[in-house]
Number of protein chains: 2
Amino acid sequence: MDVTIYEVAQRAGVSIATVSRTLRGNGPVASKTREKVLKAVEELNFTPSRLGVSLAEGRHAANGIVFPSLSGPYYTEVLLGYEEVAAELGRSVLILSTAGRTRVRDLVKDLAGRVDGLLIFGHTAPDDVVAELVQVGMPLVFVSREPLAGADTLRSENTASARLLAGHLLDHGYEHFAYLGAPLVSGDDVDERWQGVRAVLGGAIEAVATGQYTVEDGYDAALRLLRRQRPQALVCCDDEVALGALLAAEELGLAVPGDLAVTGWDDIMAARHARPALTTIRQPMRELGARAARALDELITGARSTPNHLTLTTELVIRASCGIHPQEEPP
Amino acid sequence: MDVTIYEVAQRAGVSIATVSRTLRGNGPVASKTREKVLKAVEELNFTPSRLGVSLAEGRHAANGIVFPSLSGPYYTEVLLGYEEVAAELGRSVLILSTAGRTRVRDLVKDLAGRVDGLLIFGHTAPDDVVAELVQVGMPLVFVSREPLAGADTLRSENTASARLLAGHLLDHGYEHFAYLGAPLVSGDDVDERWQGVRAVLGGAIEAVATGQYTVEDGYDAALRLLRRQRPQALVCCDDEVALGALLAAEELGLAVPGDLAVTGWDDIMAARHARPALTTIRQPMRELGARAARALDELITGARSTPNHLTLTTELVIRASCGIHPQEEPP
DNA sequence: TTGTAAGCGTTATCAA
DNA sequence: TTGATAACGCTTACAA
């Protein structure tokens with residue numbers, strides 16, 4: 001891409017203004033002129049410089065997204081939903097992964113300078129940068145964190161489903177529980193889930209830390225836990241941790257369900273295919289991303305100016321891992 | 001971000017050229033002047049507009065990446081390696097997912113207009129667009145496809161490892177095979193793998209199609225296959241398909257290994273944790289991404305101008321799924 | 001050591 | 001219906 005609007009104008013024998021009008025389809029253009037212009041555009045294979053357009057329009061036509069990493073399907077799914085809708089709306093997507101990275105502050109600020117709006121997961125961006133962005137009016141939507149003034153927040157319902165899940169486990173007759181994946185920051189999804197189950201299970205459940213919320217760390221943490229005590233049910237903060245717990249149980253020769261119940265969260269693809277299939281809370285990940293993109297669009301175009309705080313509903317999906325269900329799948 | 005270099009200059013009582021020099025640290029600036037400028041920058045909280053900088057510098061300081069989707073860890077891992085190194089080099093990353101999308105041509109062209117260089121997976125970008133990009137000299141690196149004139153190509157070794165794998169299976173004494181995940185385009189990784197195993201196994205192996213290379217489609221395809229015939233070994237085009245095959249085998253009551261051998265490709269995290277653990281070919285996915293970013297940097301900065309075609313080495317990882325290995329893990 | 005001014009490639013206003 | 005021309009926000013010769 002090297003040819004500019006000037007060369008097109010010259011070739012077509014018109015001014016650059018006319019070329020611009022023709023291409024954008026706004027101002028009036030005589031149809032004979034239009035044809036000359038289009039011909040020149042065609043011949044020169046002209047594409048307007050994105051930089052020139054953006055500078056003049058005063059917008060990037062691009063969105064950013066900040067996530068910790070892409071381990072596991074959760075962030076990936078949200079990202080795909082986000083990118084798809086963003087593309088529909090004519091916006092590109094710039095990504096920023098913060099996990100294990102130094103100078104996150106600068107990276108986020110740089111990213112913010114390249115986009116019209118930002119989707120930020122939980123607390124992946126430093127509070128002061130967030131404050132700054134809110135301050136300057138940058139359109140922002142946060143996913144998986146508590147509401148914040150001056151920005152949209154979007155999340156799936158956690159506490160009510162947590163109670164539902166806890167209730168179901170009580171119905172199975174369990175009395176001793178552990179929550180695998182202790183919350184790291186307050187107010188995010190993992191924390192809300194923990195608060196929810198604890199509200200029902202009270203002293204009968206104890207939070208156990210994992211490193212990250214991955215299969216590996218879930219496996220390690222579960223192994224350590226199960227070697228020194230035997231809760232009857234392991235409520236995991238997400239499906240990946242739960243898959244890790246399943247592996248640990250197998251390694252220790254514990255039957256799931258039977259010796260141990262395990263539950264997850266999110267309903268990632270692997271949850272259905274796990275052995276045993278995971279009881280979990282389904283969260284509409286793709287939709288989270290899609291909605292975030294639309295919300296951002298509203299904010300950017302000015303179709304809306306007051307922040308929205310939305311909570312999507314979830315669904316308890318009961319499968320095999322949480323215990324024996326007598327009248328299941330009659331033949 | 002609303003304050004411009006003019007306001008800073010005015011406040012500091014200097015010209016915009018001096019502000020620019022100070023901030024970029026190139027031209028000479030008296031230290032007293034520098035301080036005045038920095039003070040003004042501080043007070044006004046000035047950040048140079050990315051658009052202005054890019055337009056003047058004639059570069060985006062951004063890279064693009066084109067992939068089909070992000071299902072499964074392969075693309076994700078490459079993406080993470082890519083983004084990490086790109087960030088190190090001061091470049092942002094724009095993504096484009098093409099799966100199930102219409103107007104891919106336009107999307108790729110638009111993306112190309114926003115970046116200094118592009119990583120493209122296999123054949124995810126239409127050939128004519130690719131030709132056009134090569135034509136105009138856009139720095140390009142392709143991952144997982146056959147060498148192409150005018151662009152870097154980068155891939156992991158496939159055929160030699162395929163032979164190695166096939167040989168190992170022959171050593172197990174198998175005589176009837178199936179290759180799950182028939183190649184869709186010629187020249188990509190999946191095709192090379194197929195060519196490699198077929199070179200060794202000849203007529204003893206037959207290619208079986210899956211939809212996409214996912215756990216679900218692998219499961220479906222394996223189920224259909226195993227219901228009508230019983231190869232002794234299932235060579236899968238990647239680990240996800242292999243995981244699906246494992247599920248299908250379990251569903252049919254086939255023991256793996258024993259009744260059936262299954263192998264994968266890539267060595268994703270789940271391969272190690274699968275039951276049985278997957279025999280597979282390890283491919284350095286993260287490094288693929290990292291190298292692509294560096295290669296692009298060389299091309300963009302002009303440190304190199306002739307295309308490179310690099311093949312990274314892989315490793316056969318023998319685990320349990322390919323058959324019984326007598327003297328394994330002595331206690 | 002500093003400032004002036006010419007780009008960089010568009011869009012859009014205002015006259016003609 | 002068209003064309004000058006002023007933004008948009010910066011970098012960087014070139015002069016001073």
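So you know, we letter chains A, B, ... as the sequences are listed, proteins then strands, and number each from 1. Only a predicted model underlies this, so the values are computations on that prediction, with no experimental measurement involved.
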Among the candidates D/dT11, C/dT1, C/dG9, find the nucleotide nearest to the side-chain atoms of B/E57.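 For B/E57, the side-chain atoms sit closest to D/dT11.
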Any heavy-atom pair between the side chains of A/V66 and A/L119 that's under 4.5 Å?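 The answer is no; the side chains never approach within 4.5 Å.
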Among C/dT2, D/dT11, C/dT11, which nucleotide sits nearest the side chain of B/A56?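 Nearest to the side chain of B/A56 among the choices is D/dT11.
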Compare every heavy atom of B/L89 with every heavy atom of B/A293, then report the nearest pair and how far apart it is.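 Minimum heavy-atom contact is O-CD1, 4.0 Å.
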Could you state the atom-to-atom distance from CZ of B/R59 to P of D/dC10 in whole Å?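 From B/R59 CZ to D/dC10 P: 16 Å.
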Nearest to side-chain heavy atoms of B/T33, which nucleotide of C/dC8, C/dT11, C/dT2: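 Per side-chain heavy atoms of B/T33, the pick is C/dT2.
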Tell me which of B/S31 and A/V53 sits closer to the 5' end of DNA chain C, going by the nucleotide each one is nearest to.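 Going by which nucleotide is closer to the 5' end, it is B/S31.
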Go through D/dC10, D/dT2, C/dT11 for me and flag the one nearest to the B/P48 side chain.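 When the side chain of B/P48 is considered, D/dC10 is the closest of D/dC10, D/dT2, C/dT11.
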Can you tell me the distance, in whole Å, between the NE2 atom of A/H60 and the P atom of D/dC10?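 Checked: the NE2 to P distance equals 11 Å.
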Give the dot-bracket string for DNA chain C, reading 5' to 3', where a pair is Watson-Crick or G-U wobble with both distances under 3.5 Å, ( ) marks pairs inside the strand, [ ] marks pairs crossing earlier ones, | marks a partner on another strand, and . marks unpaired. ||||||||||||||||
Side chain of A/A17 only, heavy atoms from C-beta on: which candidate in C/dT1, D/dG3, D/dT1 is closest?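 Selected nucleotide: D/dG3.
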Please tell me if A/N26 has a side-chain N or O lying less than 4.0 Å from either OP1 or OP2 of C/dA12.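 Result: yes.
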Does D/dG3 have OP1 or OP2 under 4.0 Å away from a side-chain N or O of A/T18?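 So the side chain of A/T18 is within the cut-off, an N or O lying under 4.0 Å from OP1 or OP2 of D/dG3.
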I need the CG-P distance between B/L55 and C/dC8, as an integer number of Å.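 To the nearest whole Å, that distance equals 9 Å.
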Any side-chain heavy-atom pair from A/N45 and B/E132 closer than 4.5 angstrom?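 Sidechains of B/E132 and A/N45: in contact.
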What is the separation between atom CG on B/L44 and atom P on D/dG9, rounded to the nearest whole Å?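 These atoms are roughly 14 Å apart.
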Proximal nucleotide (of D/dC10, C/dT11, C/dA5) relative to the A/R24 side chain: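 Nearest to the side chain of A/R24 among the choices is C/dT11.
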Nearest heavy atom decides the nucleotide; on that basis, is B/L51 or B/R21 closer to the 5' end of DNA chain D?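 Its nucleotide being nearer the 5' end, the pick is B/L51.
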With the side chain of A/I16 defined as its heavy atoms from C-beta on, choose the nearest nucleotide among D/dT12, C/dT11, C/dT2.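 Closest nucleotide among those given: C/dT11.
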Worked check of side chain to side chain contact (heavy atoms under 4.5 Å, CB included) between A/R91 and A/I300: CA-CA 11 Å; A/R91 307 176 191 285; A/I300 292 168; 3.8 Å; yes
Euclidean distance, A/L296 CG relative to A/D152 CG, rounded to 0.5 Å: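 That separation rounds to 8.0 Å.
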Distance, rounded to the nearest Å, where B/L23 contributes CG and D/dT11 contributes C1':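 The answer, rounded to whole Å, is 12 Å.
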Reckon B/S20 touches a base, only the sugar-phosphate, or nothing at all at heavy-atom distances under 4.0 Å?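 Base, at least one base heavy atom under 4.0 Å.
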I want to verify a distance call: between D/dC10, C/dG9, D/dG3, whose nearest atom is closest to the B/I5 side chain?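 Minimum distance to the B/I5 side chain belongs to D/dC10.
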For C/dT2, does OP1 or OP2 lie under 4.0 Å from any side-chain N or O of B/S15?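 Result: no.
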SB check A/E298 A/R294 (cutoff 4.0 Å):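 Looking at A/E298 and A/R294, the cut-off is not met.
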Mind listing the closest non-hydrogen atom pair of B/V53 and B/P48 along with its distance?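 The pair with the smallest heavy-atom distance is CG2-CB, 3.9 Å.
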Both A/Y6 and B/G27 contact DNA chain C. Which one's nearest nucleotide lies toward the 5' end?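 Taking each residue's closest nucleotide, the earlier one in sequence belongs to B/G27.
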Could you state the CD-P distance from A/E7 to C/dG9, rounded to the nearest angstrom?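 Taking atom P of C/dG9 as the reference, CD of A/E7 is at 9 Å.
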Which distance, rounded to the nearest 0.5 Å, do you find between the CZ of A/F46 and the CG of A/L23?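 One finds 6.0 Å between CZ of A/F46 and CG of A/L23.
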